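From a predicted model like this one, the values you see are computed outputs, not experimental measurements. A note on names: the letters A, B, ... follow the listed sequences, proteins ahead of strands, and every chain is numbered from 1.
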There are 2 protein chains.
Amino acid sequence: MSRTTHQLTPLELEIMNILWEHGPGNVQAVAQRLPERDGEPLAYTTVQTMLNVLHRKGKVRRELVDRAYVYTPELKRLDAMGSAVRDLVDRMFGGSAESLVMGLVETDQLTPERLKALQEKLLAAKAARTKGGKK
Amino acid sequence: MSRTTHQLTPLELEIMNILWEHGPGNVQAVAQRLPERDGEPLAYTTVQTMLNVLHRKGKVRRELVDRAYVYTPELKRLDAMGSAVRDLVDRMFGGSAESLVMGLVETDQLTPERLKALQEKLLAAKAARTKGGKK
DNA sequence: CGCGACCTCCTAAATACTTAGGACATCGAT
DNA sequence: ATCGATGTCCTAAGTATTTAGGAGGTCGCG
């Protein structure tokens, strides 16, 4: 067993983001939504190559529709988030998620006030889920 | 101008972590603290190369002591944290720090309860700082 | 003095990531 | 039937990252 996590590379992630946000699409759809690189868009074949890579790695599924393949995310966004965050927490914050949140505050990316509001919302949501809820 | 941020690569970060935690050190000190790779430690010269790279990039300063260079972090840990987190937030959470915290909870890396405790601590600290404090 | 220990610098090579061109197939329209 | 648009596959090359060997310098010791 080697690296089970197989973190997404930057460009792979950009493409997955497009698929997660706009739903399944073909090469053209993805290419159109990718932001330009130094004023020039990425070549069609470049995007295609990346989608191929993603497919080979099992991160997307594909299906022939008309002439072109339509790519659909296989990897769940939440799973990608989970491992990306875990990765950062391990590398940079000694494995402590709390440290990451503190870091967010210390580097002025989040104020304690906003954190409080968010936390209350999350707690409320959890309470609701526990009491009434369908899981 | 190209990439101003110049994110640290994984191995660069590992080395910076050692320097941040244990203070300035020479190649040997760093090499000893790096965990093994597939059962074998990294070669002395490999560590040296990395320290060279870090030096060329201005992330560390170095100073000849006796025979060997002693490397000292130039980049502040907080700055590295800041840009690593900002990077993740941008790539994965659409620029929203709150989304990152939510992600932490959704992926079971942090409970709302622990978040609450943390948030209270942070608010208290801030209040103290604002009222009495130095800084 | 010559040797081993220790260290630096230079250089190269393996791997991973990004980028993209060219060959070829198919469909629809001229 | 040919042409252009569109799409795939294969392949290669550029760049970044990681890994490490070899040449050569200096110091202390027998």
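Distance CG (A:Asp66) to C1' (D:dG7): 12 Å, rounded to an integer number of Å. Note: OH (A:Tyr71) to C1' (D:dC9) measures 10 Å, nearest angstrom. As a whole-Å value, the separation of B:Arg56 CZ from C:dC10 P is 11 Å. If you take CG of A:Asp38 and C1' of C:dT19, they are 12 Å apart, rounded to a whole angstrom. The CG-P distance, from A:Leu64 to D:dT6, rounds to 17 Å in whole Å.
Distances shown here put a side-chain N or O of B:Arg62 below 4.0 Å from the OP1 or OP2 atom of C:dC9. The side chain of A:Tyr44 contributes no N or O atom lying less than 4.0 Å from OP1 or OP2 of C:dG21.
Residues that satisfy the salt bridge (Lys or Arg N to Asp or Glu O under 4.0 Å) test with A:Glu63, not counting sequence neighbours, are absent from this structure. Taking the side-chain hydrogen bond (donor to acceptor under 3.5 Å, both in side chains) definition, one finds that B:Gln28 meets it with nothing, sequence neighbours left out. Partners of A:Lys116 by side-chain hydrogen bond (donor to acceptor under 3.5 Å, both in side chains), not counting sequence neighbours, listed by chain and number: A:Glu120. Residues satisfying the side-chain hydrogen bond (donor to acceptor under 3.5 Å, both in side chains) criterion with B:Arg67, sequence neighbours excluded, are absent altogether.
An angle of 30°, rounded to 10°, separates the two end axes of the helix from C:dC1-D:dG30 to C:dT30-D:dA1, each defined over five pairs.
The stretch residues 13-36 of chain A does not touch DNA chain C, since none of its heavy atoms comes less than 4.0 Å from the strand. Non-hydrogen atoms lying under 4.0 Å from DNA chain C are contributed by nothing in residues 85-93 of chain B.
A salt bridge is absent between B:Arg33 and B:Glu21; no separation between the charged side-chain nitrogens and carboxylate oxygens falls under 4.0 Å. With salt bridges taken as basic N to acidic carboxylate O contacts below 4.0 Å, none links B:Glu106 and A:Lys76.
The hydrophobic clustering, which links ILVMFWY residues whose side-chain heavy atoms are closer than 4.5 Å, places B:Leu118 and A:Leu123 apart.
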Short N/O separations, protein against nucleotides 17-23 of chain D, under 3.5 angstrom:
unit_1, atom_1, unit_2, atom_2, d
D:dT18, OP1, B:Leu11, N, 3.3
D:dT18, OP2, B:Thr9, OG1, 2.4
D:dA20, OP2, B:Ala43, N, 3.2
D:dA20, OP2, B:Thr46, OG1, 3.4
D:dA20, N6, B:Thr49, OG1, 2.7
D:dG21, N7, B:Thr45, OG1, 3.2

Listed pairs, N/O of protein and of nucleotides 28-30 of chain C, under 3.5 Å:
none

Identify each atom pair where a protein N or O and an N or O of nucleotides 13-15 of chain C are less than 3.5 Å apart, giving names and distance.
none

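Counting only residues at least two apart or on different chains, the side-chain hydrogen bond (donor to acceptor under 3.5 Å, both in side chains) pairs with a member in residues 84-100 of chain B are A:Arg114-B:Glu98, B:Asp87-B:Arg91, B:Ser96-B:Ser99. Among residue pairs with one or both ends in residues 46-55 of chain B, those qualifying as side-chain hydrogen bond (donor to acceptor under 3.5 Å, both in side chains) are B:Asn52-B:Arg62; sequence neighbours excluded.
The number of heavy atoms from other shown groups lying within 6.0 Å of NZ (A:Lys121) does not exceed 12. Around CG of B:Asp66, the count of heavy atoms belonging to other residues, nucleotides or ligands within 6.0 Å does not exceed 12.
Applying the side chain to side chain contact (heavy atoms under 4.5 Å, CB included) test between B:Glu12 and each of B:Val53, B:Val60, B:Asn17 identifies B:Val53 as the sole match.
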